[in-house]
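The chain is numbered in sequence order, starting from 1. Everything numeric here is computed off the predicted structure, so don't read it as measured data.
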Amino acid sequence: MLDRLVKDSPGNVMKLRLLLLPLLVTCATGQAEAQIYRWVDAQGQVHFEQRPRQGAEPVEVQPQVVEREDHVRESEQNRQRLFEVREQERADQRALNAKLRQQQDQRCAKLREQLALYEQRVFWYEEDASGRRVEVPNDRVQASKNALLAQLREGC
């Protein structure tokens, strides 16, 4: 209902505010007026209530601080240290993964550069035992290119 009230028109926003205002005022005053009263009946029995009555006196209520036992505090500290260690391990693992990813990207870039050389060249040469330049047969060039493509498919 509130969704429809707000969506229908901008004038309804004011109506919504007017509806919510008394609710907010009631909540705020309820918290401000929370008080405990102490009174003693005719039999001498002590009573505590939230409403004042004839002869009742207000009681100031102090929040009680509960001190945890040593083993509970130690357990909480151990849990916190474990959490911090695990967070550090996760951060270290993320850094390692980023470094490995960067190395893999560099390796893939080099493989792509080598593949581009196969596309640019028509003839391939290598030196023989005597130091002369000898043309590499096309089937060896194609096998080398296929091995390079396989590495790219597997790792990149």
Side-chain angles (χ1 to χ4, degrees), residues 1-40 45-53 56-122 124-127 136 138-156:
M1 178 181 148
L2 289 177
D3 290 342
R4 200 179 79 227
L5 185 66
V6 172
K7 289 180 184 176
D8 285 346
S9 73
N12 287 336
V13 173
M14 183 57 91
K15 290 178 186 176
L16 180 63
R17 286 182 182 161
L18 290 175
L19 285 172
L20 292 177
L21 184 63
L23 178 65
L24 291 174
V25 169
T26 304
C27 290
T29 57
Q31 290 293 327
E33 293 178 11
Q35 180 69 45
I36 304 292
Y37 297 93
R38 178 183 182 271
W39 60 278
V40 182
Q45 204 168 25
V46 178
H47 297 274
F48 294 93
E49 291 185 358
Q50 291 181 343
R51 293 191 187 110
R53 57 173 33 213
E57 56 188 44
V59 176
E60 185 177 337
V61 179
Q62 297 290 328
Q64 182 180 7
V65 177
V66 177
E67 189 66 33
R68 292 186 301 270
E69 294 181 13
D70 290 339
H71 73 278
V72 173
R73 276 191 307 229
E74 187 177 318
S75 174
E76 289 172 351
Q77 290 170 349
N78 288 341
R79 196 173 313 121
Q80 182 62 33
R81 281 194 299 270
L82 178 63
F83 174 77
E84 290 167 359
V85 166
R86 285 184 177 164
E87 279 300 308
Q88 185 61 47
E89 287 174 350
R90 288 183 190 122
D92 292 345
Q93 187 64 45
R94 284 190 296 269
L96 178 62
N97 288 346
K99 183 179 178 182
L100 291 174
R101 206 170 315 126
Q102 182 182 17
Q103 290 173 349
Q104 182 69 15
D105 290 345
Q106 290 172 349
R107 182 175 169 270
C108 290
K110 283 183 181 181
L111 290 174
R112 287 187 188 96
E113 287 173 13
Q114 290 175 354
L115 184 62
L117 289 176
Y118 281 94
E119 303 300 328
Q120 293 171 358
R121 289 180 137 179
V122 177
W124 288 86
Y125 297 96
E126 64 184 8
E127 288 187 11
V136 177
N138 283 339
D139 57 339
R140 273 189 45 211
V141 171
Q142 191 60 41
S144 178
K145 182 179 177 182
N146 290 340
L148 186 62
L149 284 169
Q151 285 180 350
L152 276 167
R153 268 186 250 118
E154 288 174 12
C156 302

Quiz prompt | Chi angles and distances behind the side-chain hydrogen bond (donor to acceptor under 3.5 Å, both in side chains) call for Q142, N138 | solution = CA-CA 6 Å; Q142 191 60 41; N138 283 339; over 6 Å; no
Quiz prompt | Residues D92 and Q88: side-chain donor-acceptor under 3.5 angstrom | solution = yes
Practice problem: State yes or no: are the ring centers of F48 and W39 separated by less than 6.0 Å? | Solution: no
Self-check item: Side-chain touch Y118/V141, heavy atoms, less than 4.5 angstrom
Solution: yes
Practice problem: Starting from the C-alpha separation in whole Å, work towards a yes-or-no answer on side chain to side chain contact (heavy atoms under 4.5 Å, CB included) for W124 and L117. | Solution: CA-CA 10 Å; W124 288 86; L117 289 176; 4.3 Å; yes
Quiz item: Q35 and V59: which non-hydrogen atoms are nearest, and at how many Å?
Solution: NE2-O, 3.1 Å
Self-check item: Test salt bridge (Lys or Arg N to Asp or Glu O under 4.0 Å) applied to E89 and R94, step by step
Solution: CA-CA 9 Å; E89 287 174 350; R94 284 190 296 269; over 6 Å; no
Exercise. Please report the C-alpha distance between R86 and R81 in whole Å, then the side-chain angles of each, then the deciding distance to 0.1 Å, and finally whether the side chain to side chain contact (heavy atoms under 4.5 Å, CB included) criterion is met.
Key: CA-CA 9 Å; R86 285 184 177 164; R81 281 194 299 270; over 6 Å; no
Quiz item: What distance do N97 atom CG and R90 atom CZ have between them, rounded to the nearest 0.5 Å?
Solution: 13.5 Å
Quiz prompt | Separation between CD of Q151 and SG of C108, rounded to the nearest 0.5 Å | solution = 10.0 Å
Self-check item: Nearest atoms (heavy-atom pairs only) where E119 meets K145
Solution: OE2-NZ, 2.8 Å
Self-check item: Check ion pair E76-R79 (N to O, under 4.0 angstrom)
Solution: no
Quiz item: More than 12 heavy atoms of other residues, nucleotides or ligands under 6.0 Å from CD of E69: is that the case?
Solution: no
Quiz item: Can you tell me how far the CG atom of L115 sits from the OG atom of S144, to the nearest 0.5 Å?
Solution: 10.0 Å
Practice problem: May I ask you to test the E74-D70 pair for a side-chain heavy-atom distance under 4.5 Å? | Solution: no
Practice problem: Indicate the atoms forming the closest heavy-atom contact of R107 with G155, along with that distance. | Solution: NH1-CA, 4.5 Å
Quiz item: For the atom pair CD (Q93) and CG (L100), what is the distance rounded to the nearest 0.5 Å?
Solution: 8.5 Å
Self-check item: Neighbour count above 12 (heavy atom, 6.0 Å) for Y125 OH
Solution: yes
Quiz item: Can you tell me if E60 and Q62 form a side-chain donor-acceptor pair at under 3.5 Å?
Solution: yes
Quiz item: Looking at CZ of R112 and CG of L148, how far apart are the two atoms once the value is rounded to the nearest 0.5 Å?
Solution: 10.5 Å
Quiz item: What pair of heavy atoms forms the shortest contact from L111 to C156, and how long is it?
Solution: CD1-SG, 4.5 Å
Practice problem: Starting from the C-alpha separation in whole Å, work towards a yes-or-no answer on side chain to side chain contact (heavy atoms under 4.5 Å, CB included) for V40 and Q45. | Solution: CA-CA 5 Å; V40 182; Q45 204 168 25; 6.0 Å; no
Quiz item: Can you check whether R140 reaches E126 side chain to side chain, under 4.5 Å on heavy atoms?
Solution: yes
Quiz item: What distance separates E154 CD from L149 CG, expressed to the nearest 0.5 Å?
Solution: 11.5 Å
Quiz prompt | Under 3.5 Å: donor-acceptor pair, side chain of E49, backbone of I36 | solution = no
